[in-house]
Every structure is written in structure tokens, then in C-alpha cells.
*Asks:* 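Take this structure, written in C-alpha cells, and hold onto it; I'll ask about it next.
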Protein chains: 2
Amino acid sequence: MNIGTVAKSTGVSAKTIRYYESIGLIPNAARAGNGYRDYGGNDVETLRFIKRARALGFSVEDVGSLLSLWHDKTRASGDVKAVALKHIEAVEERIHELESIRDTLKHLTQCCQGDERPDCPILEGLAGLGGTVETSKTQKKSCCG
Amino acid sequence: MNIGTVAKSTGVSAKTIRYYESIGLIPNAARAGNGYRDYGGNDVETLRFIKRARALGFSVEDVGSLLSLWHDKTRASGDVKAVALKHIEAVEERIHELESIRDTLKHLTQCCQGDERPDCPILEGLAGLGGTVETSKTQKKSCCG
DNA sequence: CTTGACCTTCCCTTCATGGGAAGGTTTATG
DNA sequence: CATAAACCTTCCCATGAAGGGAAGGTCAAG
């Protein structure tokens, strides 16, 4: 199978497949007589695995660990679970950060008339006047009360 | 004021201040006789504005727009609000993505014993067996029922 | 035999910084 | 006064995870 075929059947672009090979995430592909990379069914499975793990937000480095565990038939499932749990923690932390940002932004925009006049609590908030824009651990003061 | 002083009083590193200057986000700094950048109070205010906007997740490009509006005393507050609302939308979309990822990960990890045995629903899920790892718009099938 | 669709390697771009080298300046100390 | 530490300058390189595109080789169809 040529790289383009694999790209189509895995959803991983040819460019990205070559990139994964270059950083050692996947082994060097076999080569056909013409120098083209030549893939088999296992390669497609591996790339689908990678694709799913990346879609779940695992870093390429973590995907490497997961791939090793996947190939290691004597692995302990606890090792896999540890990687996943750590990632869940990171995802949840990021969610909280974004929620805090969203709340602050919503507060500022609700205070803003949004008309043709120049008075703008959003800019005032960013400039540090009449309230705080801190996104965590700090109480938000009213900017329009 | 030297760049180091400004860095300390704004929380923006000297490196980053120079970067902002190089991309035109802030104007070229005045120079003292020795060639050092020389800053005044307005520069500190501007950098604090930038710092707050970045903390709210605005891209540097958006921060540029916000700075222009901030300096434009005849701006319409609606223009500012539009930038903010668009950003809120992006933030909310990202939150939903991450929540979906988190839910899928939690589901997989709850199915995994996490002991010394090799059987692992997490890896099976990533490999595409017995369930789906899709993170949106697709129903999740049970992987351990 | 030519056209177009592949494939190859190679280098540049993104985004928002950080690291560190090589060299000039200023300040504090012995 | 000499020297060392702590600044500052510009310059290029690295990050993560790819994408863009050039220059050139290969292959299948018409």
C-alpha cells in the first residue's frame, strides 16, 4: 500500500505519517523497489490507534507510551490507566481554566452596551480600571454595578 | 525605565516585550544614550493591558485589535464587544470538546481494572475494538457492558 | 508520448514564546 | 582602580504538531 492509500484509510495525512516516522513514533516504513514507502495492514491499525489517541488529546509523546504498552503483551493495565488518569487530570484542569476565562468574559460583555458609543467596560477591565480580570483564585469585583 | 524593570512590574518577560516590539504589537521603544530601551508609564500600562488580554486567551492578533480600539477614543463599544463575543464562542467550543474528551476518557478508565494484568479496555478502545472513541456527535457504545 | 497523479526529500511557516551565545554597559565591591 | 556581577543588545535555534510548497523521480491512462 502506498502512503496516500494509508492516509485515506486512516485519516492521517501523508505528511503527518512521514512526520511520525521521522520522530520515531512509528518505525521506518518498508520500501518498495521504486523507493516508495510500502505499508501493510498492521501499519494501518497502528495509525488508527494513533489517530484515536490524538483525538483524545494525548500528546504525541504519550501516544508513544501507549503504543509501547499496546505492543507489550505482558503490560500491566495499571500502567495504561495511570497514563490515562494523568491525562484526565490535565484535561479537567484546562476545562476549569477555560470556564474561568469564559465567566470573566461573559461578565465583561454583559456590562458592555455594545453600541456606537465609545464607553466600554471590556476595555476598562483590560486596562485594570474598575475591576479585575484575574481568572482564578481572585474574587471578581463588579465593573458595572 | 529599563526593560528589566518593566518586565518585573508587568509580569511580561523582557524576551516577550522585545518580541511584541518585533511583531509590531507595541511601537518601537525609545532608546537611551547607551542604546538600551527606555520605557515610561504608558508603556507599562499598555503591557499590563496586553498581559490581561492574553490571560483571557485572546490571540496576540486579537490583542492588537483590542489595543487599537483602546487607543481609538471614537471607537464604538460594539466593535470591542464583537471581538469579545467571538472569543467567548471559541472558548465555549473548546470547553465542549474537552468535556467530551474527558467523558470518553473517564468511561474508558472506569472500565479498566488497573491492575497487573494485561487486559485493558483503554487500549482496546484506542485500537477500535468493542466500542468507539469518537468524541462528538457519535453515540458511545459500551466497552465493558 | 504526454499528461496528471502519485511519490521522494528538503526547507520554510505557523504561534507565542524561551534558551543561550557573543558582546557591550553599568553598578557594586574589594 | 580593577574586577566581577548584573544588566543590556542582537542573533539564531528550539519547542509541538503539523502544513505548504519546491524540485525532482515514477507510474498509469489516454
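Proteins come first, then strands; the chains are lettered A, B, ... in the order of their sequence lines, and each starts at number 1. This is a predicted model, so every value here is computed, not measured. Side-chain atoms are counted along with the backbone in the values below, which use heavy atoms only and exclude waters and symmetry mates.
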*Asks:* Please report, rounded to the nearest Å, how far the P atom of D/dG20 is from the NZ atom of A/Lys15.
*Replies:* 8 Å

*Asks:* Contact between A/Asp38 and A/Arg31 at the side-chain level, heavy atoms closer than 4.5 Å - yes or no?
*Replies:* no

*Asks:* Around atom CD of B/Glu45, are there more than 12 heavy atoms of other residues, nucleotides or ligands at under 6.0 Å?
*Replies:* yes

*Asks:* Look at A/Thr16 and D/dG19 and indicate whether a side-chain polar atom (N or O) is within less than 4.0 Å of OP1 or OP2.
*Replies:* yes

*Asks:* Go nucleotide by nucleotide along DNA chain D from the 5' end; which of B/Arg18 and A/Asn34 gets its closest nucleotide reached first?
*Replies:* B/Arg18

*Asks:* Whole angstroms only, please: what is the CZ-P distance between A/Arg54 and D/dG19?
*Replies:* 10 Å

*Asks:* I need the minimum non-hydrogen distance between A/Cys112 and A/Cys120, along with the two atoms involved.
*Replies:* SG-SG, 3.9 Å

*Asks:* Looking only at side-chain N and O atoms, does A/Tyr19 come under 4.0 Å of OP1 or OP2 in D/dG16?
*Replies:* no

*Asks:* Within this structure, what is the CG-to-P distance between B/Asp38 and D/dT9, rounded to whole angstrom?
*Replies:* 10 Å

*Asks:* Does A/Ser13 or B/Ala14 map to a spot on DNA chain D nearer the 5' end, using the closest nucleotide for each?
*Replies:* B/Ala14

*Asks:* Map B/Val60 and B/Gly33 onto DNA chain C by nearest heavy atom, then report which one ends up closer to the 5' terminus.
*Replies:* B/Val60

*Asks:* Take the protein atom CG of B/Asn2 and the nucleotide atom C1' of C/dG24, then report the distance between them rounded to whole Å.
*Replies:* 14 Å

*Asks:* In whole Å, what is the span from the CD1 atom of A/Ile50 to the C1' atom of D/dA18?
*Replies:* 14 Å

*Asks:* Would you tell me if any nitrogen or oxygen in the side chain of A/Arg37 comes within less than 4.0 Å of OP1 or OP2 on C/dT9?
*Replies:* yes

*Asks:* Look at the side-chain N and O atoms of B/Arg31 and state whether any lies under 4.0 Å from the OP1 or OP2 oxygen of D/dT10.
*Replies:* yes

*Asks:* In whole angstrom, give the distance that lies between atom CD1 of A/Ile3 and atom C1' of D/dG25.
*Replies:* 16 Å

*Asks:* Taking only side-chain nitrogens and oxygens of A/Tyr36, does any of them come within less than 4.0 Å of OP1 or OP2 of D/dG25?
*Replies:* no

*Asks:* Search all heavy atoms of A/Ala84 against all heavy atoms of B/Thr109 and return the closest pair with its distance.
*Replies:* CB-CG2, 3.5 Å

*Asks:* Figure out the CD1/C1' separation between B/Ile23 and C/dT17, and round it to whole Å.
*Replies:* 10 Å

*Asks:* Taking 4.0 angstrom as the limit, do A/Glu99 and A/Arg94 come out as a salt bridge?
*Replies:* no

*Asks:* In this structure, how many angstroms lie between the C1' atom of D/dA17 and the CD1 atom of A/Ile17, rounded?
*Replies:* 15 Å

